[in-house]
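Worksheet: one structure, shown below.
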Protein chains: 2
Amino acid sequence: MTIEIGPRLKTVRKNFQLSQRELAKKSGVTNATISLIEKNKVSPSVSSLKKVLDGLPMSLAEFFTFESEEISEQVYYKQSDQPDVGSGEIHFHLIGANRFNRKMCVLREILLPGADTGEEMLQHDGEESGVIMKGQIELTVGEKVRVLTEGEGYYFDSHIPHRFRNVGDEEAIIVSANTPASF
Amino acid sequence: MTIEIGPRLKTVRKNFQLSQRELAKKSGVTNATISLIEKNKVSPSVSSLKKVLDGLPMSLAEFFTFESEEISEQVYYKQSDQPDVGSGEIHFHLIGANRFNRKMCVLREILLPGADTGEEMLQHDGEESGVIMKGQIELTVGEKVRVLTEGEGYYFDSHIPHRFRNVGDEEAIIVSANTPASF
DNA sequence: AAGAAATGTTAAATATAATTTACAAAAATG
DNA sequence: CATTTTTGTAAATTATATTTAACATTTCTT
């Protein structure tokens, strides 16, 4: 009942050049189960889907990671093509905003003096990294606090509470990236 | 029963700061289902797992790729912590080089005048994006050619043949990101 | 402190997935 | 060409997932 995981399984199985019964044998489910899944008559439990994929072998992550589109898209992004997805004293200029199925966000960030993402700390999925290009940025990650200056970088897991603060008296510029895309 | 998808769901749900009931409401399954899944008492069908994840939202691919590592790792990378993974007239200073299981590369690139990735064009897996912070960069992507200057950006699929060239008479600086990680 | 609202868990009922068994069509074998 | 083997599919049974409804606990209000 979900997406077309049935046809997808069929494609994958064919790639491995196995019949339903051969795969059934290697994976420990019955051939009928494989038939039902491939025809989208059932939505397999992840345990049985995993069994099936183990027989190929292929991981669940691989299975669900589908091919990216092949459409010709915009490549160059001048400043006016970089929408500001920030707010207040923080400007996030997003590169590649209009692209389909982006896997990351690259941002040209401008933080006015005193800009602060806030005491409540940010916390979200994914990971992020960047480089300070100008100014003085105080970066808090979990228990750690540090002021970074031009040329210095950072990389951390976004699940860890974090906070950016422009502690200099001029504007600060950061180029950052995060994946998966959050804007 | 497959792997510990229960605890994983719980972690993810907590990251989104939702209760079982809140998530149940957003996703269209009952809170009991979420409880049973999180305690590994059942192996959900992929259709219901997808419903649940849609409520967060998170894709199946992300969910199964999600690393539950929570190890404390290096966060700050001063210039001397950024190994130069480039060569010749091109310097690639890698942020987060020593991190385990990175999903992307963030690079502070310095291209000396005349630097050129070469006529044979680069081509590889993944996608890449960046911002020009200084200088004049001619970027070729497929059939397209263009000179980018300070503040301008790019984003393209790395399967498409591409080439970077510093066409100015001073050094150029780019901050770039690519995923999945290639260095 | 008492009541209300929200939290996660569980038992029984219901809905759905998986197996067993069987069938028909295609491919392989003699 | 006839027979055997292999293929994918389907019906009925069994096993499992999901819902409904209830239960304790904790957290928030007043």
Side-chain angles (χ1 to χ4, degrees), chain A residues 1-64 66 119-121 123-125 159 161, chain B residues 1-64 66 68 70:
Chain A
M1 302 291 271
T2 57
I3 41 183
E4 68 311 315
I5 88 162
R8 188 182 301 190
L9 175 59
K10 183 168 188 172
T11 303
V12 172
R13 175 174 61 82
K14 293 286 190 193
N15 284 341
F16 283 88
Q17 305 195 18
L18 294 172
S19 71
Q20 291 183 345
R21 280 179 152 87
E22 286 173 323
L23 179 52
K25 201 168 183 178
K26 301 183 74 170
S27 61
V29 304
T30 62
N31 61 307
T33 299
I34 295 177
S35 174
L36 292 170
I37 294 172
E38 290 189 355
K39 295 188 72 74
N40 265 345
K41 299 229 172 179
V42 298
S43 178
S45 69
V46 329
S47 64
S48 57
L49 179 59
K50 179 168 190 307
K51 278 192 209 164
V52 171
L53 294 178
D54 282 348
L56 290 172
M58 173 179 272
S59 73
L60 287 162
E62 285 175 77
F63 182 75
F64 284 110
F66 43 78
E119 207 164 349
E120 69 283 358
M121 308 287 272
Q123 211 173 350
H124 49 95
D125 202 49
H159 295 109
Chain B
M1 315 308 160
T2 57
I3 40 182
E4 69 311 319
I5 89 162
R8 186 182 300 195
L9 175 59
K10 183 167 188 173
T11 303
V12 171
R13 176 174 62 80
K14 294 284 190 192
N15 283 340
F16 282 91
Q17 306 195 18
L18 293 172
S19 71
Q20 291 184 346
R21 282 178 151 88
E22 286 172 326
L23 179 52
K25 202 168 183 179
K26 300 182 77 171
S27 61
V29 304
T30 62
N31 61 305
T33 300
I34 295 177
S35 174
L36 292 170
I37 295 173
E38 290 189 355
K39 294 187 75 72
N40 266 346
K41 299 230 171 176
V42 298
S43 177
S45 69
V46 328
S47 63
S48 58
L49 179 59
K50 178 169 191 305
K51 277 191 210 165
V52 171
L53 294 177
D54 283 347
L56 291 174
M58 173 179 271
S59 73
L60 287 161
E62 285 174 73
F63 181 76
F64 286 110
F66 175 75
S68 44
E70 202 62 39

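Numbers restart at 1 for each chain; the letters A, B, ... are given by sequence-line order, proteins then strands. Owing to the predicted nature of the structure, the values given are computational and were not obtained by experimental measurement.
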Per B/Gln20 side chain, nearest of listed nucleotides D/dA17, D/dT9, C/dG8: C/dG8

Residue pair B/Arg13 / B/Lys10, side-chain heavy-atom distance below 4.5 Å: yes

Short side-chain N/O contact to C/dA18 OP1/OP2 from A/Ser48, under 4.0 Å: yes

Value in whole Å for how far the P atom of C/dT7 lies from CD of B/Glu38: 13 Å

Residue pair A/Leu23 / A/Val52: nearest heavy atoms and the distance that separates them: CD1-O, 3.7 Å

Criterion side-chain contact (heavy atoms from CB on, under 4.5 Å) against B/Thr33, the qualifying member of B/Leu36, B/Ile37, B/Asn31: B/Ile37

A/Lys51 NZ to D/dT16 C1', straight-line distance once rounded to whole Å: 11 Å

Nearest-angstrom distance from the residue atom CD1 of A/Ile34 to P of D/dT7: 12 Å

Gap between atoms NZ and P, on A/Lys41 and D/dT9 respectively (whole Å): 9 Å

Side-chain-base donor-acceptor pair under 3.5 Å for B/Asn31 and C/dT7: no

Side-chain N,O (A/Thr33) to OP1/OP2 (C/dA17) below 4.0 Å: no

Approximate separation, where rounding is to 0.5 Å, of B/Leu53 CG and A/Phe64 CZ: 9.5 Å

B/Ser19 side-chain N/O to C/dA6 phosphate OP1/OP2 under 4.0 Å: no

Nearest-0.5 Å distance that lies between atom NZ in B/Lys51 and atom OG in B/Ser45: 7.5 Å

Interatomic distance, B/Lys50 NZ vs D/dT18 P [rounded to whole Å]: 15 Å

Presence of A/Arg13 side-chain N/O under 4.0 Å of D/dT7 phosphate oxygens OP1/OP2: no

Spacing of B/Leu9 atom CG and B/Glu38 atom CD [to the nearest 0.5 Å]: 4.5 Å

Length of the CG-P vector between B/Leu49 and D/dA17, whole Å: 13 Å

Heavy-atom check, side chain of B/Ser43 versus side chain of A/Val46, under 4.5 Å: yes

Nearest-Å distance for atom pair CZ/P, residues B/Arg21 and D/dT25: 16 Å

side-chain N/O A/Lys39 vs D/dT9 OP1/OP2, d < 4.0 Å: yes

Sugar-phosphate, base or nothing in reach of B/Leu36, heavy atoms under 4.0 Å: base

Spacing of CG belonging to B/Asp54 relative to OG belonging to B/Ser48, to within rounding of 0.5 Å: 11.5 Å

Any A/Lys10 side-chain nitrogen or oxygen under 4.0 Å from OP1 or OP2 of D/dG8: no

Short side-chain N/O contact from A/Ser35 to OP1 or OP2 of D/dG8, under 4.0 Å: no

Separation of atom CD in A/Glu22 from atom C1' in C/dA27, rounded to whole Å: 14 Å

Angle between terminal axes - the helix from C/dA1-D/dT30 to C/dG30-D/dC1, 5 pairs each end, rounded to 10°: 30°

